[in-house]
Amino acid sequence: QVQLVESGGGLVQAGGSLRLSCAASGRTFTGYIMGWFRQAPGKEREFVAAIRWSGGTLYSGDSVKGRFTISRDNAKNTVYLQMNSLKPEDTAVYYCVVGLLATIDSNRWDYWGQGTQITVSS
């Protein structure tokens with residue numbers, strides 16, 4: 001059974017930093033893309049970032065790029081999201097995702113974690 005387990009969420013003041021981790025298990029993930037979505041209260045699930053097996057990255061836009069950095073350790077089947085200069089607008093549940101396509105369409109990812117809460121206070 002494939003399992004994705006996120007960690008590193010919590011409460012942080014605006015301007016602070018957090019690092020999320022997601023460890024995948026249950027199958028081989030060679031060639032698979034790993035990434036992150038987030039969902040704020042009352043809003044749709046939103047693509048954040050993705051990273052290919054070889055290390056190429058994709059970010060959602062200007063609101064994230066420059067503050068967030070995605071990385072991975074293939075030997076550990078783990079993806080990370082370093083979040084700096086956090087803003088209250090970043091408050092959301094952050095979900096780890098794994099799939100064969102790098103896409104902003106949440107329905108096209110193969111595997112999802114349970115999510116970890118990030119709360120950024122004003």
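All residue numbers in this chain count up from 1 along the given sequence.
Dense packing is recorded around CZ of Arg27, with more than 12 heavy atoms of other residues, nucleotides or ligands lying under 6.0 Å away. The local environment of CG in Asp105 is crowded, with over 12 non-hydrogen atoms from other residues, nucleotides or ligands closer than 6.0 Å. More than 12 heavy atoms of other residues, nucleotides or ligands sit less than 6.0 Å from atom CG of Leu58. The local environment of CD in Gln114 is sparse, with at most 12 non-hydrogen atoms from other residues, nucleotides or ligands closer than 6.0 Å.
Clustering ILVMFWY residues whenever any of their side-chain heavy atoms sit less than 4.5 angstrom apart, transitively, puts Met83 in a cluster other than the one holding Phe47. Taken together through direct or relayed side-chain contacts under 4.5 Å among Ile, Leu, Val, Met, Phe, Trp and Tyr, Val12 and Trp36 form part of one hydrophobic cluster.
Taken to the nearest 0.5 Å, the CD1 atom of Ile70 stands 11.0 Å off from the CZ atom of Arg52. The structure places OG of Ser17 at 6.0 Å from CD of Gln82, a figure rounded to the nearest 0.5 Å. Here Phe68 contributes atom CZ and Ser85 contributes atom OG; the two are 9.5 Å apart, rounded to the nearest 0.5 Å. Atoms OG1 and CD1, from Thr91 and Ile118 in turn, are 8.5 Å apart once rounded to the nearest 0.5 Å. Between the CD1 atom in Ile33 and the CD1 atom in Ile51 there is a gap of 10.5 Å [rounded to 0.5 Å]. For the atom pair Arg19 CZ and Ser71 OG, the distance stands at 5.5 Å (nearest 0.5 Å).
Looking only at distances, no side-chain donor or acceptor of Glu46 sits under 3.5 Å from a matching main-chain atom of Gln39. The closest donor-acceptor contact from the side chain of Asp90 to the backbone of Val120 lies at 3.5 Å or more, if one exists at all. Remark: the backbone N or O of Thr28 is not paired with any side-chain donor or acceptor of Thr30 at under 3.5 angstrom.
Cation-pi geometry between Arg72 and Tyr80 is not met: the NZ or CZ atom fails to fall both under 6.0 Å from the ring centre and inside 45° of the normal.
Side-chain contact between Glu6 and Leu20 is absent, with no heavy-atom pair separated by less than 4.5 Å.
Shown here for Arg45 and Ser106, the closest heavy-atom pair between the two residues is CD-CB, 4.4 Å. The minimum heavy-atom distance linking Ala92 with Ala40 is given by the pair CB-N, 3.7 Å. The shortest heavy-atom contact between Val93 and Gly115 is CG1-CA, 3.8 Å.
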Phe37 and Cys96: CA distance, side-chain angles, deciding distance, side-chain contact (heavy atoms from CB on, under 4.5 Å) verdict: CA-CA 7 Å; Phe37 278 76; Cys96 176; over 6 Å; no
Show your reasoning for whether side-chain contact (heavy atoms from CB on, under 4.5 Å) applies to Arg38 and Val64. CA-CA 12 Å; Arg38 66 185 182 184; Val64 169; 4.2 Å; yes
Would you please test Arg67 and Tyr59 for side-chain hydrogen bond (donor to acceptor under 3.5 Å, both in side chains) and show each step? CA-CA 10 Å; Arg67 299 190 298 119; Tyr59 294 93; over 6 Å; no
Going through the checks in order, is the side-chain contact (heavy atoms from CB on, under 4.5 Å) test met by Leu81 and Thr69? CA-CA 6 Å; Leu81 186 68; Thr69 302; over 6 Å; no
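Ring orientation note: the planes of Phe29 and Tyr111 are nearly perpendicular, at an angle over 60° on the 30°/60° scale. Ring orientation note: the planes of Trp112 and Tyr95 are nearly perpendicular, at an angle over 60° on the 30°/60° scale.
Looking at Leu101, Leu100, Val97 one by one, the single match for side-chain contact (heavy atoms from CB on, under 4.5 Å) with Trp109 turns out to be Val97.
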